[in-house]
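For reference, the structure discussed in these notes is given below.
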Amino acid sequence: STSLHDSNKAIPVCTPTQTTTYTATATDTLSGCFITDQMVVTVNQSIVHAGRDTSLCPGFGVRLGELARANYQYSWSPATGLSSSTVSNPLASPSITTTYILTGNDNTFNCPRQDTVVVSIVTPPTADAGVGPLTICRDQHIHIGSTAQSNTTNLWSPSFSLDDATKAQPIASPTATTQYTLQVQDTQTGCFGTDQVTVNVLATPVADAGRDTFICIGSSTPIGKFTT
């Protein structure tokens, strides 16, 4: 057998990877007579599943492992980013790509086993709402944002003073100072980035030329009105 170190020895060492029945045969070299006996070696092993490799957007989490098995002890390494390092299925929220190692042990047989899972952190798209703050007069408008990126969608809020809240560079026509938030989402990974820009709206000065009037030729009269 391949799991025996020397099958010709009377007491060989066996290292089976699964439960195996071994047959021993003893033969008398003079008479040729022989006899056989059998021995079953039961292989006990802990069942450990760390879960499938997965990718996450920054700030999100994923459950690792599986439901706990009776009489099992669990240990995860590293513990960084885990809700618990001693449960079977912790919530993982790492800030960087991390390989987690799960060690599980069936206390009935004390045969620990390990499994690994990789949690990759996806780089989100960069949102650029533009250089601010921006300043306009009331009843004016201005472009905000920056050049559109491929494979992304855009969403601005608030949207009521924009010509199109899904453009990368919409036209803003606020009637009062407004802070706009841009969310750029990657259509392939679902990850998103955000940025903000403020558009300040200056008050419009008051122009008052005064009431219509008449004068005689050669006369003069003041026109206009002082405003504050």
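Computed from heavy atoms alone, side chains included, the values below leave out hydrogens, waters and symmetry copies.
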**Q.** Nearest non-hydrogen partners of Q196 and A129, listed with the distance
**A.** C-CB, 3.7 Å
Q. For the hydrophobic clusters of this structure (ILVMFWY residues joined by side-chain heavy atoms under 4.5 Å, transitively), does one cluster hold both L102 and V62?
A. yes
Q.
Closer than 3.5 angstrom, by distance alone: can the side chain of T177 be matched with the main-chain N or O of N200 as a donor-acceptor pair?
A. no
Q. What's the shortest heavy-atom distance between C57 and G190, and which atoms?
A. SG-C, 4.0 Å
Q.
Using every non-hydrogen atom in the two residues, find where C137 and V201 come nearest and quote the distance to one decimal.
A. C-CG1, 4.3 Å
Q: Treat each ILVMFWY residue as a node, draw an edge where side-chain heavy atoms are under 4.5 Å apart, and state whether Y180 and I142 are in one component.
A: yes
Q: Using a 4.5 Å cut-off on heavy atoms from C-beta on, say whether the side chain of T98 contacts that of P78.
A: yes
Q | Derivation and outcome, side chain to side chain contact (heavy atoms under 4.5 Å, CB included), residues T103 and Y74 | A | CA-CA 6 Å; T103 301; Y74 298 93; over 6 Å; no
(Q) Keeping N107 on the side-chain end and N71 on the backbone end, is there a donor-acceptor pair under 3.5 Å? (A) yes
Q. Can you check whether R63's main-chain N or O pairs, donor with acceptor, with N89's side chain at less than 3.5 Å?
A. no
Q: Would you give the length of the straight line joining atom CD1 of I171 to atom OG of S161, rounded to the nearest 0.5 angstrom?
A: 12.0 Å
Q) Under 3.5 Å, is there a donor-acceptor pair linking the side chains of N110 and N105? A) yes
**Q.** L82 side chain near Y100 side chain, heavy-atom distance below 4.5 Å
**A.** yes
Q. Are the side chains of F60 and S93 in touch, meaning some heavy atoms are under 4.5 Å apart?
A. no
Q) Side chain of R138, backbone of T175: donor and acceptor closer than 3.5 Å? A) yes
Q: Heavy atoms only: give me the nearest A176-T178 pair and the separation to one decimal.
A: O-OG1, 2.8 Å
**Q.** Over all atoms of both residues, closest heavy-atom pair of V184 and Q149
**A.** CG1-NE2, 4.1 Å
Q) Are L162 and I136 co-members of a hydrophobic cluster defined by side-chain heavy atoms under 4.5 Å apart? A) yes
**Q.** Hydrophobic cluster partners of I101 (side-chain heavy atoms under 4.5 Å)
**A.** none
Q) Checking S83 side chain against L91 main chain: does a donor-acceptor pair fall under 3.5 Å? A) yes
Q) Side chains of T19 and V40: does their closest heavy-atom pair fall under 4.5 Å? A) yes
Q: Measure the spacing between OG1 of T108 and CZ of R69 and express it to the nearest 0.5 Å.
A: 12.5 Å
Q) When you measure from the side chain of T97 to the backbone N and O of I121, does any donor-acceptor pair fall under 3.5 Å? A) yes
Q. Does a side-chain heavy-atom distance below 4.5 Å link Y72 with S88?
A. no
Q. Between atom OG1 of T189 and atom CG of L56, what is the distance when rounded to the nearest 0.5 Å?
A. 11.0 Å
Q) Is it true that atom CD1 of I35 has more than 12 heavy atoms of other residues, nucleotides or ligands lying nearer than 6.0 Å? A) no
Q) With a 4.5 Å heavy-atom cut-off, do V41 and C14 have their side chains touching? A) yes
Q.
I'd like to check S46 versus P112 (side-chain heavy atoms, cut-off strictly below 4.5 Å). Are they in contact?
A. no
**Q.** Crowding at CD1, I223 (>12 non-hydrogen neighbours, <6.0 Å)
**A.** no
Q: Could you tell me whether the side chain of S84 and the main chain of T86 form a donor-acceptor pair under 3.5 Å?
A: yes
Q) Do you see a donor-acceptor pair shorter than 3.5 Å between the side chains of T21 and Q38? A) no
Q.
Please check this pair: side chain of D53 against backbone of V118, looking for a donor-acceptor N/O pair closer than 3.5 Å.
A. yes
Q: Supply the atom-to-atom distance L64 CG to T116 OG1, rounded to the nearest 0.5 angstrom.
A: 11.5 Å
**Q.** Separation between OG1 of T194 and CG of L182, rounded to the nearest 0.5 Å
**A.** 8.0 Å
Q | Candidate pair I144 and W156, rule side chain to side chain contact (heavy atoms under 4.5 Å, CB included), full reasoning | A | CA-CA 10 Å; I144 58 176; W156 291 87; 3.5 Å; yes
(Q) Would T187 and T152 count as a side chain to side chain contact (heavy atoms under 4.5 Å, CB included) here? Give the steps. (A) CA-CA 5 Å; T187 56; T152 61; 5.6 Å; no
(Q) Quick check for you: to the nearest 0.5 Å, what is the distance between Q185 atom CD and T153 atom OG1? (A) 5.0 Å
Q) Looking at R113 and V48, what are the two nearest heavy atoms and their distance? A) O-CG2, 3.5 Å
